[in-house]
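Worth saying up front: this structure is predicted, and the values here are computed from it rather than measured.
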Amino acid sequence: MRIGMSTACFYPQPLEEALPIIAGLGVRAIEIFFNTESEFQPRFYEALGAQARSLGLDVISVHPYTSLMEGMLLFSDYARRTEDGLMQYQRYFECTAALGARFLTFHGERHMGQQDDPAHWEHKCEVYQRLCEIGTACGVTLAQENVAWCRSRDPAFIHALYRDVPALHYTLDVKQAYRAGQSWKAFMDAMGERLVNVHINDFSAEQSCLMPGEGIMDYADFFSRLRMKGYDGHTIIEVYRTNFDAPEELERAVRTLSRFASV
């Protein structure tokens with residue numbers, strides 16, 4: 001398993017400024033978190049892709065800023081907006097493919113205490129299936145992430161999607177599991193062999209997001225379980241800019257995780 005890093009670690013620094021920093025830390029695998037619509041224009045992302053290649057960076061996944069509104073864009077009862085949303089995500093998949101990335105990270109609906117009747121659930125599964133098909137046509141896999149403020153905060157929701165949308169794959173986020181009051185193990189089990197991407201950090205009883213190696217996360221157990229499930233993908237460090245004072249601290253985090261990933 002390789003250790004990578006998300007550009008989200010440097011937000012709000014512009015993406016094109018974050019890439020050389022990441023490369024300078026010796027990291028070669030990245031997730032690009034796009035922060036605004038203009039960054040999804042070919043002129044921008046083609047230049048960004050060329051920059052990444054020149055720095056020896058492998059773009060593993062793309063995370064769109066519209067994750068905040070995916071429920072409204074794609075899963076409402078307003079059919080025309082759903083169709084427009086699907087066309088919008090078509091462009092995002094095309095961008096992901098142009099960067100050579102394999103996965104598009106997806107949040108889905110917000111958690112509002114809602115329950116689905118069979119008809120609504122069937123509709124949602126159909127939308128997920130269409131998204132998966134659009135992605136597949138572009139050579140990209142849709143990866144549902146567990147997120148504390150979304151319906152994916154519940155492992156039972158992931159289980160249901162796993163059962164009813166066989167084409168859907170998953171991103172496991174450690175901090176989001178902790179924030180949802182869930183064990184990352186429950187999500188890892190729910191995602192099964194369709195786990196394709198991992199966001200990693202550390203945490204404590206007081207803080208849900210710390211630099212790797214600064215909390216109580218049992219990385220030996222974490223990486224052991226990933227190996228037992230046959231996972232051989234990337235593990236992407238995703239923390240916040242407030243979690244570190246200097247980029248060199250991220251370099252130390254990479255070394256910490258690499259010891260466990262390479263066992």
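The residues R225 and D221 are annotated as salt-bridged, a charged nitrogen and a carboxylate oxygen being separated by less than 4.0 angstrom. Ion pair E193/K229 not flagged as a salt bridge, since none of the NZ, NE, NH1 or NH2 atoms sits closer than 4.0 Å to an Asp/Glu carboxylate oxygen.
Between E31 and T105 the shortest heavy-atom distance is OE1-OG1, 3.2 Å. The minimum heavy-atom distance linking H107 with S152 is given by the pair O-OG, 3.8 Å. Summarising the geometry of W184 relative to D218, their closest heavy-atom pair is CZ2-O, 4.5 Å, with the distance given to 0.1 Å. Between I216 and D202, the shortest heavy-atom contact is N-OD1, 3.2 Å. Summarising the geometry of N201 relative to S208, their closest heavy-atom pair is ND2-O, 3.1 Å, with the distance given to 0.1 Å.
In the hydrophobic clustering of ILVMFWY residues, with side-chain heavy atoms under 4.5 Å counting as a link, L73 and L68 come out apart. Cluster membership for V239 and I236, using ILVMFWY side-chain heavy atoms within less than 4.5 angstrom, is not shared. A continuous path of Ile, Leu, Val, Met, Phe, Trp and Tyr side chains, each step under 4.5 Å between heavy atoms, connects Y231 with L257, placing both in one hydrophobic cluster. Under a hydrophobic clustering in which Ile, Leu, Val, Met, Phe, Trp and Tyr are joined whenever their side-chain heavy atoms come within less than 4.5 Å, directly or via other members, F10 and Y240 fall into different clusters.
Taking the six-membered ring where the residue is Trp, the centroids of Y178 and F203 are separated by under 6.0 Å. A centroid separation of less than 6.0 Å is found between the aromatic rings of F40 and Y92. Between F222 and Y219, the distance from one ring center to the other does not fall under 6.0 angstrom.
A distance-only check finds a donor-acceptor pair linking the side chain of N146 to the backbone of D173 [under 3.5 Å]. E214 contributes no side-chain N or O that, together with a main-chain N or O of L210, makes up a donor-acceptor pair within less than 3.5 Å. Here the side chain of R241 pairs a donor or acceptor atom with the backbone of F244 at under 3.5 angstrom. Formation of a donor-acceptor pair under 3.5 Å by the Y162 side chain with backbone atoms of F157 is not found in this model. A distance-only check finds a donor-acceptor pair linking the side chain of S204 to the backbone of Q207 [under 3.5 Å]. Put simply, the side chain of R28 never gets that close to the backbone of G4: no donor and acceptor are under 3.5 Å apart. Side-chain atoms of T7 come within 3.5 Å of backbone atoms of F33 as a donor-acceptor pair (strictly under, hydrogens ignored).
Distance OG1/T171 to CG/N197: 4.0 Å, rounded to 0.5 Å. For the atom pair CG (L25) and CE (M5), the distance works out to 5.0 Å, reported to the nearest 0.5 Å.
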- Take F34 and E39, measure what side-chain contact (heavy atoms from CB on, under 4.5 Å) needs, and give me the verdict at the end. CA-CA 6 Å; F34 285 93; E39 293 174 346; 3.4 Å; yes
- Are F187 and V174 close enough, and set up right, to give a side-chain contact (heavy atoms from CB on, under 4.5 Å), and what steps lead you there? CA-CA 9 Å; F187 286 105; V174 170; over 6 Å; no
- Task: Decide side-chain contact (heavy atoms from CB on, under 4.5 Å) for E94 and Q90; before the verdict, give the C-alpha distance in whole Å, the side-chain angles of both, and the deciding distance to 0.1 Å.
- Result: CA-CA 6 Å; E94 291 169 356; Q90 167 89 42; 3.0 Å; yes
- Task: Please step through salt bridge (Lys or Arg N to Asp or Glu O under 4.0 Å) for the pair R153 and E145, ending with a clear verdict.
- Result: CA-CA 9 Å; R153 71 190 310 275; E145 183 179 13; over 6 Å; no
- What's the verdict on side-chain contact (heavy atoms from CB on, under 4.5 Å) for Y89 and E70, showing C-alpha distance, side-chain angles and the deciding distance? CA-CA 10 Å; Y89 272 70; E70 284 165 347; 2.7 Å; yes
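More than 12 heavy atoms of other shown residues, nucleotides or ligands fall within 6.0 angstrom of atom OH in Y65. The number of heavy-atom neighbours closer than 6.0 Å to CE of M112, taken from other residues, nucleotides and ligands shown, is 12 or below. The number of heavy-atom neighbours closer than 6.0 Å to CZ of R163, taken from other residues, nucleotides and ligands shown, is above 12.
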Which atom pairs, donor and acceptor, lie under 3.5 Å between side-chain atoms of residues 125-135 and protein residues at least two apart or in another chain?
unit_1 : atom_1 : unit_2 : atom_2 : d
Y128   : OH     : Q144   : OE1    : 2.6
Q129   : NE2    : E133   : OE2    : 3.2
R130   : NH1    : E83    : OE2    : 2.7
R130   : NH2    : E83    : OE1    : 3.0

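Aromatic ring pairs are classed by plane angle as parallel below 30°, tilted from 30° to 60° and perpendicular above 60°; the pair H63 and H199 is parallel.
In this structure, the side chains of I32 and L15 come closer than 4.5 Å at one or more pairs of heavy atoms. Under the 4.5 Å side-chain criterion, counting only non-hydrogen atoms from C-beta, V198 is not in contact with H234.
The side-chain contact (heavy atoms from CB on, under 4.5 Å) test with F93 singles out one residue from T141, T136, V62, V140, and that residue is V140.
Legend: salt bridge (charged side-chain N to carboxylate O under 4.0 Å, His left out) pairs involving residues 101-123, not counting sequence neighbours, sorted by first then second residue: D58-R102, E109-K124, E109-R151, D116-K124, D116-R151.
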